[in-house]
Amino acid sequence: MAAQGPNASEYIVHHLTHLKSAKQTALVDWSVFHLDTLFWSVSLGLVAILILARAASKATSGVPGRFQAAVEILVEMVESQSKSIVHGDRSFIAPLALTVFVWIFFMNAMDLLPLDLVPNIWAAIFGAAGHDPHHAYMRVVPTADLNATLGMSLGVLILCLYYSVKIKGFGGWMHELFTAPFGSHPVLYPINFAMQLIEFVAKTVSHGMRLFGNMYAGELIFMLIALMGAAWAGTAGSGLLWIGGVLAGAIWAIFHILIITLQAFIFMMLTLVYIGQAHESH
């Protein structure tokens, strides 16, 4: 009897399972690392750095080529946005925003690869190493992992705290923590401090959750479309479903190009907004 393939539920669960360093034993387990997220995020970060470094080294004062022109348009866009939002020294902030945009764009763009391409390659390698290929897990979209997006938003929070202390001084920042937004009165100090903490937590969580939610949903839709294509059974109905899967996959991939670019831009803009707020006093 031929081996039966996974059903729709097993297929989706398999594709949503991370390659982990150890088995997770609790909802929050700090000893577990998502190795696929770490590998792809670091690798794509290095690719982004190399591309930007190459653009900088090849830049000329003459008529730019297409690659240089595209990078210059991107740099000018980021610089104009940072100039309008952050009032102060932008020697670090503007390059940071550019790096964030390019890095997240590359991570989001992994969603455009054929869904089973990299997982199947990894399963073949995993099986050749003597392991069960059915338990070879590999997710290639780092921004569809909540750990990655919250990690990046936490990094933005740390930068905001750093610039708050740098611009206002530690005393000025502490004074703002207890006197904004309701005013400087001892009775209002606890309320102000609680409101500040809520603001920090809300901004950080929403910053990471927004990117994760959009990319996770996009990845899930690709899986559902793939299941339509896998419905081919030699009948007219299954043939129409297969054709519908091909058309839906093409349409969603084209639309997803806008999503991955927009989500990278939104994350970059919120990064600039939050750092810009750290430069201002209430």
Side-chain angles (χ1 to χ4, degrees), residues 6 8-20 33-52 70 74 97-126 136-153 155 206-231 242 244-271:
S9 177
E10 292 170 341
Y11 178 82
I12 292 178
V13 169
H14 184 275
H15 276 278
L16 292 179
T17 303
H18 285 279
L19 175 63
K20 299 176 181 177
F33 296 91
H34 290 176
L35 300 178
D36 44 10
T37 297
L38 289 171
F39 173 79
W40 290 109
S41 59
V42 172
S43 299
L44 293 169
L46 292 175
V47 170
I49 292 173
L50 290 174
I51 290 177
L52 293 176
L74 181 61
L98 176 63
T99 304
V100 165
F101 176 82
V102 176
W103 185 29
I104 293 179
F105 176 82
F106 283 172
M107 289 192 288
N108 291 350
M110 294 296 288
D111 215 3
L112 298 177
L113 291 177
L115 184 62
D116 292 309
L117 176 62
V118 177
N120 285 346
I121 294 174
W122 172 244
I125 296 173
F126 200 71
Y137 303 111
M138 177 61 66
R139 294 185 65 182
V140 300
V141 186
T143 46
D145 184 357
L146 184 59
N147 297 278
T149 58
L150 285 183
M152 290 187 290
S153 64
S206 64
H207 197 189
M209 286 289 292
R210 181 180 292 104
L211 177 59
F212 159 75
N214 281 276
M215 298 312 302
Y216 184 88
E219 187 179 34
L220 191 59
I221 291 175
F222 273 122
M223 294 178 193
L224 296 176
I225 293 174
L227 289 174
M228 292 176 61
W242 182 85
V246 172
L247 294 176
I251 294 172
W252 180 245
I254 294 171
F255 179 69
H256 207 56
I257 295 173
L258 173 63
I259 294 177
I260 64 177
T261 307
L262 183 61
Q263 290 305 313
F265 179 77
I266 290 174
F267 196 95
M268 179 202 73
M269 288 297 296
L270 289 175
T271 299

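Residue numbers start at 1 and run along the sequence shown.
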Notebook entry, point to check: Taking side chain as C-beta onward, heavy atoms only, is Ile51 less than 4.5 Å from Phe106?
Noted result: yes
Check: About how many Å separate CD1 of Ile225 and CG of Leu115, when rounded to the nearest 0.5 Å?
Finding: 10.0 Å
Margin query: To the closest 0.5 Å, what do you measure between CD1 (Ile257) and CH2 (Trp252)?
Written below: 12.0 Å
Item checked: Donor-acceptor contact below 3.5 Å, side chain Asn214 vs main chain Arg210 -> yes
Next item on the list: Under the side chain to side chain contact (heavy atoms under 4.5 Å, CB included) rule, what do Thr143 and Trp40 come out as? Steps first, then yes or no, please.
Entry: CA-CA 10 Å; Thr143 46; Trp40 290 109; over 6 Å; no
Next item on the list: Indicate the atoms forming the closest heavy-atom contact of Asp111 with Phe222, along with that distance.
Entry: O-CE1, 3.5 Å
Check: Looking only at atom types and distance, does a side-chain atom of Trp103 sit under 3.5 Å from a main-chain N or O of Ser41, one as donor and one as acceptor?
Finding: yes
Notebook entry, point to check: So do the side chains of Met215 and Thr149 get within less than 4.5 Å of each other, counting heavy atoms only?
Noted result: no
Checklist line | Inter-residue atom distance Met223.CE - Asp116.CG, 0.5 Å rounding | finding: 9.0 Å
Next item on the list: Could you check if a side-chain atom of Ile221 sits within less than 4.5 angstrom of a side-chain atom of His256, using non-hydrogen atoms only?
Entry: no
Item checked: Sub-4.5 Å side-chain heavy-atom contact between Thr271 and Met152 -> no
Note to self: Just verifying a value: how many Å separate Met209 CE and Leu150 CG, rounded to the nearest 0.5 Å?
What the structure shows: 7.0 Å
Next item on the list: Quick one: closest heavy-atom pair of Ala123 and Ala136, and the distance?
Entry: CA-CB, 3.7 Å
Note to self: Taking the side chain as everything from C-beta on, heavy atoms only, tell me whether Asn108 gets closer than 4.5 Å to Ile259.
What the structure shows: no
Margin query: Tell me the closest heavy-atom pair linking Ala48 and Val102, and the distance in Å.
Written below: CB-CG1, 3.7 Å
Note to self: Run Leu112 and Ile260 through side chain to side chain contact (heavy atoms under 4.5 Å, CB included) and show every step you take.
What the structure shows: CA-CA 9 Å; Leu112 298 177; Ile260 64 177; 3.8 Å; yes
Next item on the list: Could you walk me through whether Val13 and Glu10 pass the side chain to side chain contact (heavy atoms under 4.5 Å, CB included) test, one step at a time?
Entry: CA-CA 5 Å; Val13 169; Glu10 292 170 341; 5.7 Å; no
Notebook entry, point to check: Ile104 versus Gln263: any side-chain heavy-atom pair under 4.5 Å?
Noted result: no
Item checked: Closest approach of Met138 to Leu19 (non-hydrogen atoms, all atoms of both residues) -> CE-CD2, 4.1 Å
Next item on the list: Heavy atoms only: give me the nearest Tyr11-Ala226 pair and the separation to one decimal.
Entry: OH-CB, 3.9 Å
Next item on the list: Could you tell me which residues satisfy side chain to side chain donor-acceptor pair (under 3.5 Å) with Ser153, sequence neighbours excluded, listed by chain and number?
Entry: none
Notebook entry, point to check: Would you say Ile12 and Leu227 make side-chain contact, with heavy atoms under 4.5 Å?
Noted result: yes
Item checked: Distance-minimising heavy-atom pair for Val141 and Met107 -> CG1-O, 3.7 Å
Next item on the list: Please work out whether the ring planes of Tyr216 and Phe212 are parallel, tilted or perpendicular, with thresholds of 30° and 60°.
Entry: tilted
Next item on the list: Please examine the side chains of Arg139 and Glu219, heavy atoms only from C-beta on, and report whether any two atoms are closer than 4.5 Å.
Entry: yes
Next item on the list: Nearest 0.5 Å please: distance from the CD1 atom of Ile266 over to the OG1 atom of Thr261.
Entry: 11.0 Å
Next item on the list: Quick one: pull up CG in Leu270 and NE2 in His207 and give me the separation to the nearest 0.5 Å.
Entry: 4.5 Å
Note to self: By the definition ring-ring contact (aromatic ring centres under 6.0 Å, His included), identify the one residue from His15, His14, His18 that meets it with Tyr137.
What the structure shows: His14
